[in-house]
Amino acid sequence: MRHVMLPERGEWEVIVEAKRGPVIAIDGPAGAGKSTLARELARRVGLAYINTGAMYRVLAERALAEGIDPDDGEKLSILAERISFSLGSRGSDGGELWIDGEPPSPSLSSAEVEAIVSRVARHAAARAVMRRKQRHLGVEGCVMEGRDIGTVVFPDADLKLFLSAEPTVRARRRKRERGKGDHVAEAVAARDALDARTNPLVPAADSHVLDTTALSPEEVLGRALVLAQAAGLGPGAPGRSS
Ligand code: DC
């Protein structure tokens with residue numbers, strides 16, 4: 001066990017498990033392009049893909065199903081302990097987050113979950129459980145996306161990317177992804193405000209900030225691959241398969 005100072009937060013974090021493989025941390029607000037990049041980057045560099053947003057979303061979904069108040073941090077932390085997260089595989093990839101032995105359900109993107117997930121993700125006790133589980137899942141090496149990965153979960157990540165994009169562009173992307181609703185821009189702005197109370201969207205000091213406003217997913221991936229290669233993690237890096 002060791003303690004690391006988190007300069008962005010002015011706090012100490014206890015790191016229980018030492019990292020045994022390469023980790024790429026991808027942080028940023030909703031609609032900045034994190035999932036699209038993280039999944040493809042993981043495939044290209046041969047690492048597991050872990051979407052920590054899905055972990056908070058399943059906590060919110062289970063809280064709804066079990067009638068747990070989204071403001072009851074203690075009950076949420078007990079519920080978080082009961083959810084099993086693992087790395088599963090549907091093909092020959094490096095694995096990705098599975099929840100209670102199954103791939104994440106599309107219902108995690110439902111309006112009901114969306115409406116309360118920020119509130120559920122606010123509680124320090126539940127976050128402590130999630131951080132420990134996230135670290136444990138990723139210690140053998142992964143591409144992990146979220147809000148606090150480069151700052152808190154893996155402050156020792158080998159490469160940290162922080163994606164940003166203008167709010168109107170993020171809202172447009174969300175609308176394309178989720179399909180419906182005329183109030184996506186307002187919903188994204190409201191969730192940004194709620195999310196920022198928990199994780200001030202400050203990039204880790206040693207992260208690479210990529211503004212994706214005017215970039216296609218392929219261009220974002222191209223830039224990330226260049227940075228990964230420079231960090232010794234690219235497809236052509238020694239010791240890694242392509
Ligand atoms: O990335 P996403 O939209 O799927 O995230 C869902 C929610 O979980 C969002 O409200 C922010 C929160 N979250 C968090 O607090 N910390 C993370 N590491 C990932 C997500």
Side-chain angles (χ1 to χ4, degrees), residues 6 8-9 11 13 23-39 49-64 70-71 73 76-77 79-80 83 85 96-97 99 103-138 142-155 157 160-165 167 170-171 173-178 181 184-204 207 212:
L6 306 175
E8 298 80 14
R9 310 243 172 164
E11 292 167 10
E13 173 77 1
V23 172
I24 301 178
I26 302 184
D27 291 300
K34 297 190 299 288
S35 300
T36 309
L37 171 64
R39 180 177 288 110
Y49 163 54
I50 302 169
N51 176 356
T52 61
M55 298 171 73
Y56 287 103
R57 284 171 182 273
V58 75
L59 183 59
E61 189 178 54
R62 298 282 165 88
L64 281 172
D71 296 322
L76 288 169
S77 67
L79 179 59
I83 306 172
F85 298 105
E96 65 181 80
L97 175 74
I99 300 164
S105 155
S107 63
L108 297 184
S109 306
S110 71
E112 292 78 17
V113 169
E114 195 88 10
I116 63 158
V117 66
S118 283
R119 264 163 82 198
V120 165
R122 280 199 75 186
H123 304 282
R127 296 193 71 81
V129 174
M130 288 301 200
R131 281 206 301 274
R132 175 168 40 77
K133 292 191 175 217
Q134 287 158 3
R135 178 101 194 164
H136 181 66
L137 274 177
C142 66
V143 176
M144 186 174 283
E145 68 159 288
R147 302 290 197 289
D148 57 350
I149 311 308
T151 48
V152 182
V153 181
F154 279 102
K160 300 181 186 180
L161 304 175
F162 185 94
L163 302 194
S164 67
R170 295 195 285 113
R173 288 177 187 161
R174 270 285 133 117
K175 188 163 179 174
R176 212 179 305 138
E177 269 169 35
R178 306 280 152 94
V184 182
E186 291 91 329
V188 168
R191 196 141 75 78
D192 275 355
L194 285 174
D195 287 346
R197 297 189 306 186
T198 308
N199 295 298
L201 278 170
V202 181
S207 71
T212 69

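All ligand and atom numbering here is 1-based and tracks the order in the structure. Everything numeric here is computed off the predicted structure, so don't read it as measured data.
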Task: Sub-4.0 Å atoms of ligand 1 with respect to non-hydrogen atoms of Gly146 - done: 18 (N), 19 (C)
- [ ] Using heavy-atom distances, let me know which of Asp195, Thr52, Leu59, Val153 sits nearest atom 10 (O) of ligand 1.
- [x] Asp195
Open item on the list: Quiz question: by atom type and distance under 3.5 Å, do the side chains of Thr52 and Arg131 form a donor-acceptor pair?
Closed with: no
Open item on the list: Would Arg135 and Val23 count as a side-chain contact (heavy atoms from CB on, under 4.5 Å) here? Give the steps.
Closed with: CA-CA 10 Å; Arg135 178 101 194 164; Val23 172; over 6 Å; no
Task: Lys160 side chain reached by Ile26 side chain, heavy atoms, under 4.5 Å - done: no
Task: Residue that, paired with Arg147, satisfies side chain to side chain donor-acceptor pair (under 3.5 Å) out of Thr198, Asp27, Asp195 - done: Asp195
- [ ] Decide whether an N or O pair under 3.5 Å exists between Arg57 and ligand 1.
- [x] yes
Open item on the list: Just to confirm my output: which protein heavy-atom neighbour is closest to atom 8 (O) of ligand 1, and how far is it?
Closed with: Tyr56 CB, 3.6 Å
- [ ] Do me a favour and list the nearest non-hydrogen protein atom to atom 1 (O) of ligand 1 with residue, atom name and distance?
- [x] Arg147 NH1, 2.8 Å
TODO: Kindly indicate, with the supporting measurements, whether the criterion side-chain contact (heavy atoms from CB on, under 4.5 Å) is fulfilled by Val58 and Phe85.
DONE: CA-CA 10 Å; Val58 75; Phe85 298 105; 3.8 Å; yes
Open item on the list: Once you restrict to heavy atoms under 4.0 Å, what part of Ser118 touches ligand 1? Side chain, backbone, both or neither.
Closed with: both
Task: Salt bridge Glu145-Arg39, side-chain N to carboxylate O under 4.0 Å - done: no
Open item on the list: Give me the residue, atom name and distance of the protein heavy atom closest to atom 9 (C) of ligand 1.
Closed with: Arg191 NH1, 3.0 Å
- [ ] Nearest heavy atom to atom 18 (N) of ligand 1 wins, so pick from Val117, Asp148, Asn199, Asn51.
- [x] Asp148
Task: Asp71 bridged to Arg119 by N-O distance under 4.0 Å - done: yes
- [ ] Would you indicate which of Met130, Arg127, Arg197 comes nearest to atom 15 (O) of ligand 1 when only heavy atoms are counted?
- [x] Arg127
- [ ] Please state whether Thr198 comes within less than 4.0 angstrom of ligand 1, counting heavy atoms only.
- [x] no
Open item on the list: Quick test of your reading of the model: are Arg170 and Asp192 salt-bridged, counting only N-O distances below 4.0 Å?
Closed with: yes
TODO: Among all protein heavy atoms, pick out the one at the shortest distance from atom 12 (C) of ligand 1; state its residue, atom name and that distance to 0.1 Å.
DONE: Ala121 CB, 4.0 Å
